[in-house]
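Data block below; observations after.
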Amino acid sequence: RKQRILSAAFGFAAYLYRQNESIKQLLHNAQENRQTYNDKLQKLLSRYSKEGETVFEKVSDLNDYIGFSGIYVLCLDKLAKCYIGQASKSIRHRVIAHFSKPETQFDYLCDFRDVSGIYVLHVSDEFLDDVEQDCIAFMGGEHLLNACAGGKSIESVRGDDYNPDDYLLPPAIIRII
């Protein structure tokens, strides 16, 4: 029994060390990529615009998004990365779930205090998957913490088979969404 406990403790310590090394690498890369991240984020926000103004809203109070469906962008400026997700019932509850019930590498690596900004896009439920996939494909892997292509797709954005062009929406479609 002691041997199993020691083995589990050692395994957990090794896991924490690897996570710490991953965070150190992310921080190092972030300093080099901050300007390209900011540029790419601004281009994503302006991709969804009406009359020259973005239709993404900068969130000042997450409580305003209870019962609100749409796309959200969690910005982690310190890492020069973002996470893009969707919520069909409540953006507030979905965002909080990332940090209260961690399920993904993003959830484990990041803390709510790391989030430097949140942007939200009103999208009807029928377009959620397509718009999420478009946003993820547009941001690209370098500045993205997502592991999958979004929507109902389980395709990895890090895999050799992933082609972002397959998920980008034509501008004419974006204008009517």
Side-chain angles (χ1 to χ4, degrees), residues 26 36-77 79-110 112 114-177:
L26 283 171
T36 56
Y37 161 74
N38 288 333
D39 292 345
K40 192 71 170 184
L41 178 62
Q42 289 310 309
K43 286 178 184 172
L44 170 66
L45 298 177
S46 64
R47 181 172 171 79
Y48 288 86
S49 61
K50 188 174 188 175
E51 298 173 8
E53 295 291 321
T54 183
V55 290
F56 270 97
E57 298 173 6
K58 184 158 176 62
V59 174
S60 57
D61 185 353
L62 203 50
N63 289 320
D64 293 339
Y65 297 90
I66 296 172
F68 181 96
S69 67
I71 302 298
Y72 59 90
V73 180
L74 301 178
C75 300
L76 294 94
D77 293 345
L79 301 176
K81 294 193 180 285
C82 67
Y83 180 87
I84 298 168
Q86 66 167 284
S88 59
K89 293 185 177 27
S90 173
I91 286 180
R92 179 187 181 275
H93 290 112
R94 181 65 191 108
V95 168
I96 289 172
H98 281 293
F99 307 104
S100 61
K101 294 186 253 177
E103 298 173 359
T104 67
Q105 182 183 14
F106 163 74
D107 298 347
Y108 283 106
L109 280 176
C110 301
F112 193 73
D114 297 326
V115 176
S116 50
I118 302 173
Y119 292 91
V120 169
L121 177 64
H122 292 270
V123 177
S124 63
D125 288 355
E126 65 186 305
F127 298 117
L128 279 174
D129 289 346
D130 295 324
V131 174
E132 180 187 25
Q133 289 172 343
D134 176 74
C135 291
I136 290 170
F138 185 82
M139 275 306 286
E142 182 182 3
H143 303 296
L144 197 61
L145 288 167
N146 294 65
C148 294
K152 291 180 178 61
S153 172
I154 58 168
E155 183 175 6
S156 170
V157 295
R158 311 267 182 258
D160 293 336
D161 294 339
Y162 178 70
N163 180 3
D165 292 339
D166 293 344
Y167 294 96
L168 288 173
L169 295 172
I173 299 295
I174 290 173
R175 281 194 295 274
I176 63 169
I177 292 176

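As a basis for the values below, the full set of heavy atoms in this structure was taken, side chains included, without hydrogen atoms, waters or symmetry mates.
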Does [X] reach the side chain of [Y], with side-chain heavy atoms less than 4.5 Å apart?
X    : Y    : result
I84  : L144 : yes
C148 : V157 : no
L41  : H143 : no
L74  : V95  : yes
D64  : V59  : no
E132 : F127 : no
L44  : Y119 : no

List the atom of [X], the atom of [Y], and the distance in Å for their closest heavy-atom pair.
X    : Y    : result
C82  : N146 : O-OD1, 4.1 Å
L169 : I174 : O-CD1, 3.8 Å
L145 : K81  : CD2-CD, 3.5 Å
L62  : R92  : O-CB, 3.4 Å
C75  : Y37  : CB-OH, 3.4 Å
H98  : Y72  : NE2-OH, 2.7 Å

Short question: side chain of [X], backbone of [Y] - any donor-acceptor pair under 3.5 Å?
X    : Y    : value
N163 : D165 : yes
Q133 : A149 : no
S49  : G52  : no
R94  : S69  : no
S116 : D77  : yes

From the list Y167, Y83, Y162, side chain to side chain contact (heavy atoms under 4.5 Å, CB included) partner of I136 resolves to Y162
Contacts of F68 meeting ring pair (Phe, Tyr, Trp, His ring centres under 6.0 Å) (sequence neighbours excluded), chain-then-number -> Y65, H122
Sorted by chain and number, sequence neighbours left out, ring pair (Phe, Tyr, Trp, His ring centres under 6.0 Å) with F138 holds for none
In this structure, CD1 of I71 is separated from CG of D130 (nearest 0.5 Å) by 9.5 Å
- Is the number of heavy atoms from other residues, nucleotides or ligands under 6.0 Å of K58 NZ greater than 12? yes
(message) Would you say that more than 12 heavy atoms from the other residues, nucleotides or ligands in this model lie under 6.0 Å from the CG of D161, or not?
(response) no
### Message
If you apply the rule side chain to side chain contact (heavy atoms under 4.5 Å, CB included), what do you find for F112 with S100, and how did you get there?
### Response
CA-CA 9 Å; F112 193 73; S100 61; over 6 Å; no
Applied to residues 36-54, the salt bridge (charged side-chain N to carboxylate O under 4.0 Å, His left out) test, sequence neighbours excluded, yields R47-D134
